[in-house]
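Single-structure report; data block below.
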Amino acid sequence: MTAAGRLRRRTLLRSAVATTVAGAAGCARGPRPVQVAVVWSGAELTRFREVVAGFPDVRVIGVGNDIDAFLTARMLAGTSPDVAILPRPGLIVEYARRGWLDRVAPASSYLAPAGMADLLTVDGHRYGLWIKAAHKSLFWHFPSMLAEPPRTWDALVETTRRLGARHRAGEGPAPLAVGAADGWVLTDWFENVLADIARPGGYEALARGEADWQGPPVRDALDRLAELWSIDGAFPGGGQRALLTQFEESVIQVAHHRSAVMVFEADFVDGVAARFRRGTEPLVTFRFPGSRVADQPLVVGGDAAVAFTGSAAGVELVRWLSDAAAFRPWLEAGGYLSPNLVVPVNNYRDPLRRRLAAEFRAVEALRYDLSDRLPGTFTGTDGVGIWRIMQDFFMDVTDGVAAREAVRRATGQLAEAARAAGSGR
């Protein structure tokens, strides 16, 4: 059994124990509250509990990152929660096809962006509603350390080379921080580049399993990443150190230690930066640069609410959560971005969220996180699927493997993973 397999088995056993405890607790109370399973923890979990305080008798269960293992164990035990908040539309489609979910309908004050709503439908029926969004096309930096942010991909490469040379000479911080120990960070890089260079429909074709993972768009995207990631001095401590760096630490390298100038990731970076920032200067953002100044890809993620079969209260709670007013406590607290376009931009407390909400409304073609849409084992998780493949690719290009050979290896792995999952070539 592999390390990943052992980890998954331990997770299933922990989930089974949690199932027994939760089921026993529910029986002891008689008619139980509406149960909601979520992956959130810390401040996110606290905020969500404030949101559902407006709905009668709800119990929120934080289950950790492997919510699929938890829900599968609960389903096998016959003790599914009423509602789950899931970050992967591919998982929702799988559950719907297994007959685990009830159809849901949104509140009248609900409108999701084009490119998101259709991801939660199966055979024309809706099985989930988006309730939280993430803008995943942002670089973060201090203006005092980078006065003129790059506005194109070529300018980003040139800036990284210049700052990398200065770093190698011991005269300044590294240009980039990257949490390569978390495979999802690397897939976010890949997806932004792919969204910029793929022909219209090409990105979606890969997500639907209709395109060749060894074709030109994937090769060109990996070539572009190899050009940047292989720059000597690009990361604090080099590529091997970056592969041991998790997302949160990569933010700390910029916000606290200032050992790197820029970090790329989603709007939730500010939650980490607020806890660890040194000094009073705020971090600012610029959009992930495309081939031209006018080309700015927008990749989004999100969390969707689903109701498990046979729970009328669960279906009603999902509808209630989709109302434009439901997340007002989270909006007022900050750090929340709604996928519901009916929510007025002025309702956001902080200027950054107001700007990001406006970008959601202005973009013609946003792309949803590709790895979250892939089926079966092809989707990412620790040591598995596209997460691991992108880590192997990162290790190759930062360890001196020629770009052509690294791209050949990666596209071969991607195509094999797609075939094994029954998706694509």
Side-chain angles (χ1 to χ4, degrees), residues 136-190 192-193 221-279 281-289 390-403 406:
K136 307 188 80 170
S137 300
L138 298 171
F139 276 84
W140 301 72
H141 69 102
F142 287 117
S144 62
M145 298 177 69
L146 183 67
E148 294 292 334
R151 301 179 64 191
T152 65
W153 178 264
D154 287 345
L156 176 64
V157 172
E158 192 281 329
T159 299
T160 303
R161 286 189 175 130
R162 175 172 53 82
L163 296 177
R166 195 179 67 175
H167 178 60
R168 293 197 306 276
E171 298 173 353
L176 294 168
V178 59
D182 289 317
W184 58 269
V185 172
L186 301 182
T187 61
D188 284 351
W189 273 91
F190 170 68
N192 272 276
V193 173
L222 293 174
D223 263 333
R224 187 182 281 192
L225 289 174
E227 178 186 28
L228 183 72
W229 289 348
S230 64
I231 292 174
D232 192 11
F235 310 108
Q240 294 299 313
R241 178 69 181 82
L243 280 164
L244 300 174
T245 301
Q246 295 184 316
F247 159 70
E248 187 167 287
E249 184 186 349
S250 71
V251 178
I252 294 171
Q253 287 177 342
V254 173
H256 183 81
H257 299 302
R258 301 202 176 199
S259 56
V261 176
M262 299 174 280
V263 61
F264 154 73
E265 252 311 331
D267 57 277
F268 44 76
V269 162
D270 59 353
V272 180
R275 287 188 283 130
F276 295 100
R277 186 184 63 184
R278 187 177 59 185
E281 183 182 17
L283 284 168
V284 298
T285 66
F286 64 91
R287 279 280 291 275
F288 196 99
M390 292 306 300
Q391 287 175 315
D392 288 348
F393 178 71
F394 183 90
M395 183 164 56
D396 276 352
V397 298
T398 57
D399 197 34
V401 175

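Along the sequence shown, residues are numbered consecutively beginning with 1.
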Measuring only between side-chain heavy atoms, which start at C-beta, is Glu158 closer than 4.5 Å to Pro150? no
Decide yes or no on side-chain contact (heavy atoms from CB on, under 4.5 Å) for Thr160 and Leu228, but give the supporting numbers first.
CA-CA 8 Å; Thr160 303; Leu228 183 72; 3.4 Å; yes
Closest non-hydrogen atoms of Val284 and Pro143, given as atom of the first, atom of the second and distance, are CG2-CG, 3.7 Å
### Message
Can you classify the ring geometry of Trp229 versus Trp189 as parallel (below 30°), tilted (30 to 60°) or perpendicular (above 60°)?
### Response
perpendicular
Rounding to 0.5 Å, atoms CG (Asp267) and OG (Ser137) come to a distance of 10.0 Å
Tightest non-hydrogen contact, residues Gly233 and Ala174, listed as O-CB, 3.9 Å
When every non-hydrogen atom of Gly172 is compared with those of His167, the smallest separation belongs to O-ND1, 2.9 Å
inquiry  = Determine whether Phe247 and Glu265 satisfy the following criterion, side-chain contact (heavy atoms from CB on, under 4.5 Å), listing intermediate values before the conclusion.
reply    = CA-CA 9 Å; Phe247 159 70; Glu265 252 311 331; 3.8 Å; yes
Say whether, by atom type as modelled, one donor and one acceptor occur between the side chain of Gln391 and the main chain of Ala181 under 3.5 angstrom.
-> yes
For Glu281 and Ser144, indicate whether the former's side chain and the latter's backbone hold a donor-acceptor pair under 3.5 Å. yes
When rounded to the nearest 0.5 Å, the distance separating CZ of Arg277 from NE2 of His256 is 12.5 Å
Using a 4.5 Å cut-off on heavy atoms from C-beta on, say whether the side chain of Thr245 contacts that of Arg241. yes
Do the side chains of Arg275 and Glu248 get nearer than 4.5 Å, heavy atoms only? yes
request  = Report, as yes or no, whether the 6.0 Å neighbourhood of atom CD on Gln246 holds more than 12 heavy atoms from other residues, nucleotides or ligands.
outcome  = no
query = Any side-chain heavy atom of Val254 sitting closer than 4.5 Å to one from Leu283?
reply = yes
The reported gap from CG in Leu156 to CZ in Arg224 (rounded to nearest 0.5 angstrom) is 10.0 Å
Shortest non-hydrogen pair, Phe139 vs Pro289, comes out as CE1-CD, 3.8 Å
Taking atom types as modelled, is there a side-chain donor on Thr398 or Gln240 under 3.5 Å from an acceptor on the other? no
Side chains of Val178 and Leu186: closer than 4.5 Å at any heavy-atom pair?
-> yes
Quick check: do Leu146 and Met262 have side-chain heavy atoms less than 4.5 Å from each other? yes
| field | Heavy-atom check, side chain of Leu222 versus side chain of Met390, under 4.5 Å | value | yes
(Q) If you apply the rule side-chain contact (heavy atoms from CB on, under 4.5 Å), what do you find for Leu176 with Phe264, and how did you get there? (A) CA-CA 8 Å; Leu176 294 168; Phe264 154 73; over 6 Å; no
Contacts of Asp392 meeting salt bridge (charged side-chain N to carboxylate O under 4.0 Å, His left out) (sequence neighbours excluded), chain-then-number -> Arg388
Original post:
Are the aromatic rings of Phe394 and Phe190 close, with centres under 6.0 Å apart?
Top reply: no
Please check: side-chain N/O of Arg168 versus main-chain N/O of Asp232, any donor-acceptor pairing under 3.5 Å? yes
Honestly, is Arg151 close enough over Phe286, meaning NZ or CZ under 6.0 Å from the six-membered ring centre and within 45° of the axis? no
Close side-chain approach of His257 and Pro236, heavy atoms under 4.5 Å = no
On a heavy-atom basis, the closest approach of Ser250 and Ala177 is O-CB, 3.4 Å
